[in-house]
Enquirer: 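Take a look at the following structure, please.
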Protein chains: 2
Amino acid sequence: MPRRSEHSLDEIRALALDAVEDLVASHGPTAISARKVAAQIGYTVGMLYHVFDNVDDLVLQANARLVDQLARANEAAAAGNRPQRVIARMAHNYLSLARQAPARWQLVFVHTMRDGRPVPDWYRQRTDRLFALVEEQLQRLAPRRRPAAAALAARTLWSSVHGICLLAVSDKLDIGGSTSAEKALDSLLTHYLGSWAQSR
Amino acid sequence: MPRRSEHSLDEIRALALDAVEDLVASHGPTAISARKVAAQIGYTVGMLYHVFDNVDDLVLQANARLVDQLARANEAAAAGNRPQRVIARMAHNYLSLARQAPARWQLVFVHTMRDGRPVPDWYRQRTDRLFALVEEQLQRLAPRRRPAAAALAARTLWSSVHGICLLAVSDKLDIGGSTSAEKALDSLLTHYLGSWAQSR
DNA sequence: ACCTGAACACCGTTCAAGT
DNA sequence: ACCTGAACACCGTTCAAGT
């Protein structure tokens, strides 16, 4: 029973998160287990529990990387452009990131806390941030409207974008054969956002 | 080891599906396992596998009941009214059924096939039906538009409704405190559907 | 101090054997 | 024919014990 001491806790943490991504990418979101991740990085399961609280923590930390990637892309998109264009970029960023790594995003979509534990605050803040970025743009778009109106529109619009990306990644959207998620996003943006921007 | 023979296979099937609903309602969607369902109805796990292919089959059959309930409600809503009103009813049917039995709908939202098995056709047809019902109304609403346009709008709209209901049931929508899913649905219907109906 | 390995209480699934 | 119970290969989580 050799000890390793080759890696710091932070390094082990990074190795584990990489292992989650590799396993998901090659064997799908259901392939994740503490034991498999441990085996992949050459440690025992017990070791994982010195670095992560539990599997939920492990998965959420892996998922947070993707959410952060989307948030960064959306923050970058916010620079300069007209709000309507920024929001369109954000929506397409979501879909295109989801298409780039469908299995990893499926893990984001599919994960639920064991038992009925609540989603931890640090993770919630990251997903809330995505709504906030949309809300900022809607406020720019219609500065004279009540903030509550922009908040409602942001939640409506981003939930809808989420629904489209979710069904796209799980192949439930392309029913007849020809509908693409990109077209659905554009339809949503044209009609929802177009109408919202004009009204009052 | 007493044999029972008290119930036919169909009765056992119904008992098991009821047990799934009871367990989910009282202990949440993560509480479902073949062993627990078997225990709840007084049979062994082995017995379950004479009635269901596997747990996916068990869960999907339970979930299909909810999907069917929504489909029936939406078919009933289709009678008589103006298409725009029918679609609004359908969307609110979805949300209100989801609110009536949040845990059971969470099971619908959260379930994914073990390994990477595909969703069986018989279940897919049921969820596709929900899209089809919306599509029919959109064709009524704009009879002169190309069928592909109605198909795209149906998928866009229903994916969005799905996204809103999904986030509503998992409590991820009410960020600031005041946004309700009902308002988000109405916002979606007003702006998306309103704009789509008017354009051309 | 760092990490292991075994233990505990669970899973899904199969199938020979009992009645 | 109907159903069981034990087996197999997995889980998540904990923690005394080893180095």
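Letters A, B, ... mirror the listed sequences (proteins, then strands); counts begin at 1.
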Enquirer: With respect to the side chain of B:Arg117, which nucleotide from D:dG12, C:dC3, C:dT13 is positioned closest?
Expert: C:dT13

Enquirer: Run through B:Gln137, B:Arg129, B:Met90 and flag the one making a side-chain contact (heavy atoms from CB on, under 4.5 Å) with B:Asn74.
Expert: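 So, applying the side-chain contact (heavy atoms from CB on, under 4.5 Å) to B:Asn74 and each of B:Gln137, B:Arg129, B:Met90, only B:Met90 qualifies.
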
Enquirer: Both A:Asp53 and B:Thr44 contact DNA chain D. Which one's nearest nucleotide lies toward the 5' end?
Expert: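 Whichever sits nearer the 5' end wins; that is B:Thr44.
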
Enquirer: Between P on D:dA16 and NE2 on A:His50, what's the gap in Å once rounded to a whole number?
Expert: 12 Å

Enquirer: Could you tell me the separation between the CD1 atom of B:Ile32 and the P atom of D:dC11, rounded to a whole number of Å?
Expert: 22 Å

Enquirer: Determine whether the side chains of B:Asp186 and B:His92 contain a donor N or O and an acceptor N or O closer than 3.5 Å.
Expert: yes

Enquirer: Mind calculating the distance between CD (A:Glu6) and C1' (C:dA1) to the nearest angstrom?
Expert: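 Taking CD of A:Glu6 and C1' of C:dA1, I get 16 Å after rounding.
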
Enquirer: Can you tell me the Watson-Crick or wobble partner of C:dC11, both distances under 3.5 angstrom?
Expert: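 Across all strands, not a single nucleotide pairs with C:dC11.
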
Enquirer: How long is the line joining OH of B:Tyr49 and C1' of D:dC2, in whole Å?
Expert: 18 Å

Enquirer: Go through D:dT13, C:dT4, C:dC11 for me and flag the one nearest to the A:Val45 side chain.
Expert: D:dT13

Enquirer: For the residue pair B:Tyr192 and A:Trp196, is the inter-centroid distance of their aromatic rings smaller than 6.0 Å?
Expert: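 Between A:Trp196 and B:Tyr192, which both carry aromatic rings, the centre distance is not below 6.0 Å.
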
Enquirer: Please report, rounded to the nearest Å, how far the P atom of D:dT13 is from the CE atom of A:Met113.
Expert: 11 Å

Enquirer: Any salt bridge linking A:Asp18 with A:Arg13? Criterion: basic side-chain nitrogen under 4.0 Å from a carboxylate oxygen.
Expert: no

Enquirer: At less than 4.0 Å, is any side-chain N or O atom of A:Lys36 found next to OP1 or OP2 of D:dC11? Yes or no.
Expert: yes

Enquirer: For D:dG18, which nucleotide in any strand shown is its Watson-Crick or wobble partner with both distances under 3.5 Å?
Expert: C:dC2

Enquirer: Specify the residue among A:Met47 and A:Arg35 whose closest nucleotide of DNA chain C lies further upstream toward the 5′ end.
Expert: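 Here A:Met47 is the residue nearer the 5' end.
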
Enquirer: Roughly, in whole Å, what's the span from CG in A:Leu60 to P in D:dG12?
Expert: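 Checked: the CG to P distance equals 14 Å.
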
Enquirer: Could you tell me the separation between the CG atom of A:Asn54 and the C1' atom of C:dC10, rounded to a whole number of Å?
Expert: 16 Å

Enquirer: Whole-Å distance between C:dG5 P and A:Leu48 CG?
Expert: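 Nearest whole value for this atom pair: 14 Å.
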
Enquirer: Are the charged groups of A:Glu182 and A:Arg99 less than 4.0 angstrom apart, N to O?
Expert: yes

